[in-house]
Amino acid sequence: MRKRNLSALVLGATLASSGYAATEIQWWHAMGGALGEKLNSIVADYNASQDLYEVKASYKGNYTETMTAAIAAFRAKQQPHLVQVFEVGTASMMSAKGAIYPVHQLMKESGQAFNGDAFLSAVTGYYTDSDGNMLSMPFNSSTPVLYFNKELMAKAGVQAPATWNEMDSVGKKLQDAGISCGFTTAWQSWVHLENLSARHNVPFATKANGFGGFDTELAFNGPLQVAHINKMGEWQKNGIFSYSGRTNDGAAKFYSGECAMYTESSAGYAGIKRNAPFEFGVVELPYWKDQVTEPSNTIIGGASLWALQGKAADDYKGVASFLSYLSRADVQADWHQFSGYLPITKAAFDLTKGQGFYEKNVGTDVSVNQMLTGTPTENTKGLRLGNFVQIRGVIDEALESVWNGDADAQAALDNAVKRGNVLLRKFEKAN
Amino acid sequence: MNVTFPHKVLPWLLLLPQLAVTAIFFLWPAEKAVEQAFYQEDAFGLSREFVGLENFVDLLTDPYYYESIVVTLIFSFSVAFLGIAVALLLATMANRVIHSQLFYQTLLIWPYAVAPALAGVIWWIMFDPSIGPVAQWLKFWGIQWNHYLNSTDAMILVVIAATWKQISYNFLFFLAGLQAVPRSLIEAAAIDGASPIKRFWTIVFPLLSPTTFFLLVVNLVYAFFDTFGIIDATTGGGPGQSTKIMVYKVFDDGFIGLDLGSSAAQSVILMGVVGIMTVIQFRFIERKVQY
């Protein structure tokens, strides 16, 4: 009796505060800091735009923590409606057939107008199944680019390199001008193996990078990758490259002017703009011109939104309505311009162009153009590998052993492939 | 005058809360871990497959697992040794201070209140090769510090960070121990002409041996189990695998990698290791301890 009174009281309080019984939609995300504030304002705008649903966004820590929290919650039957999962978690999510509610199906069953073709295929390719159905809603996608310190480059009298072949001479000239570090990188596996492979249209793994099935095997120990990592090891030794950790800690070296260039996600733009006390420029991710004449598109990083099963049918109407709102051109264009993430729809890209944003902010369209180079092939569509979080760990370890001179590139990559394949077989077995 | 308590039920009733806590927070999860170690399961718990001892076989045939064991041993013993030695030194000094003793004591106990992850972040900033003041200072003296690349540097960093957190705890026990040493013994030795150093090693230190032994056990257990927050915030187990201690590997494989079977198998092995370690300590080392 007392319990009932209490719940009535709680219910009454909620009703009193909102004035009506809006269905609550829970969204767990991993956007902290300035991005988190922006996300909250998007949610607030949506809530104000209609009165049937109320989206409650909760920050659950970094990508890994958010994904793990959602999985733990699912096991305890306390899952949110929507969860933001980073791109490396894609295979884990899509193989969890009973746990996820594919977005294309969700939209159709909720009666929301939904056109998969409105999205940039280079972005959605990562999140569609082999039949072309979108399984999750892309939200924040980015791709690696090369940032450079204009003042230091001018001091050494060099231009930002368009190809890796030029890096040698650019790096040496920088050193002659007294700049000890040519470039540093964030997310080494993503930039220097995953995207390196895509840019040269070389497979990172067999079976169309894992899209063709779970029986895929890693293939990043080919001649291109070995040559690149070998060269990077050489550069690390002579100071043209300076390793600064597995995530994006290298930003400090770029901000402080220690390193003249920095390969990092396009979404690093907001942070660099805020923190760099110098003029900076953005160019496309370099490629090896002796390997390809025309580089291919790069692949994305970032995260997408997955709907989870197990909620009332009516709730999913709210989820669908919110997803529609998120992909509206004005909402997406605003998010893209604020964060440096890619616009996920063609309309958002055109709107941003129409607003003259790219002219006012030179370099912000580099990432978009780089993504839209050519038609995505099976090597450039994306990666779908199980246990990918662990595989990235294995790759990080292998690369570190090259940077500190413990192993040569071929041996390190061969070993990483071997260890990674064991993880893939494990995943295949568990699913 | 023997007092007897005829109750049969009451003692059990009084024990019940403690038993319940042990059952819920130790026995039940431990049983779950043992069970999980024999399965391979997808992250969402939608399908699971009984694989017998495969998770254990995978681990015991994996050279990287042995590497992790070696790393753990180096790390734990360094932390325990350094933590005890430095705390003993500080406690002896704080015990001799006459003015503002309380002030020093409070200051030394402070780090214990800092959360492990926070301690990790503090040390990470101090030693960052580009922006860290300590790294800059070392550079000034011609020492190139880079824990992102250099395995030894990384190990030194995590040992310092983990030890720093534990020194306060050790300090507290040593200070209490030192204050319990009878003054008359030390005075007698002083009258006999023993130097302060001789007095310390022949009288004070042996009297502190039960405390030291207790702290050795506690510190080893701390280094084994409680330090993954520090590792995560400073090196993340790298470079390579050079600071991936066993408990961090459990966290990394289970929590980050979502490989619950292997993670559970590792927990079971770790449980066994600590059990054996405790037995060894109490069976063999304790004999050398005088109470």
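Order of the sequence lines fixes the chain letters, A, B, ..., with proteins taken first and strands second; residue numbering starts at 1 for each chain.
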How about B:Phe140: does its CZ atom have over 12 heavy atoms from other parts shown lying under 6.0 Å from it? no
Counting heavy-atom pairs under 4.5 Å with chain A, the top scorer among B:Leu149, B:Ile256, B:Leu258 is B:Leu149
May I ask you to check whether over 12 heavy atoms, not counting those of A:Phe278, lie within 6.0 Å of atom CZ? yes
Compare every heavy atom of A:Gly98 with every heavy atom of B:Leu46, then report the nearest pair and how far apart it is. CD1-N, 3.9 Å
Tell me whether the count of non-hydrogen atoms from other residues, nucleotides or ligands lying under 6.0 Å of CZ in B:Phe225 goes above 12. yes
Of the backbone (N, CA, C, O) and the side chain (C-beta and beyond), which part of B:Pro239 lies under 4.5 Å from a heavy atom of chain A, both, or neither? both
Using only the distance criterion (under 3.5 Å, no hydrogens considered), which donor-acceptor pairs connect chain A with chain B?
unit_1   : atom_1 : unit_2   : atom_2 : d
A:Thr68  : OG1    : B:Phe255 : O      : 3.4
A:Arg75  : NH1    : B:Glu41  : OE2    : 2.9
A:Arg75  : NH1    : B:Ala43  : O      : 2.9
A:Arg75  : NH2    : B:Glu41  : OE2    : 2.4
A:Arg246 : NH2    : B:Gly240 : O      : 3.1
A:Asp249 : OD2    : B:Tyr148 : OH     : 3.3
A:Glu258 : OE1    : B:Ser130 : OG     : 3.2
A:Glu397 : OE1    : B:Gln241 : NE2    : 2.7
A:Glu397 : OE2    : B:Gln241 : NE2    : 3.3
A:Glu397 : OE2    : B:Lys244 : NZ     : 3.2
A:Glu400 : OE1    : B:Gly240 : N      : 2.4
A:Asn404 : ND2    : B:Leu149 : O      : 2.9
A:Asn415 : ND2    : B:Tyr64  : OH     : 2.6
A:Lys426 : NZ     : B:Asp259 : OD2    : 2.9
A:Lys429 : NZ     : B:Glu54  : OE1    : 3.0
A:Lys429 : NZ     : B:Glu54  : OE2    : 3.0
A:Ala430 : O      : B:Ser47  : OG     : 3.2

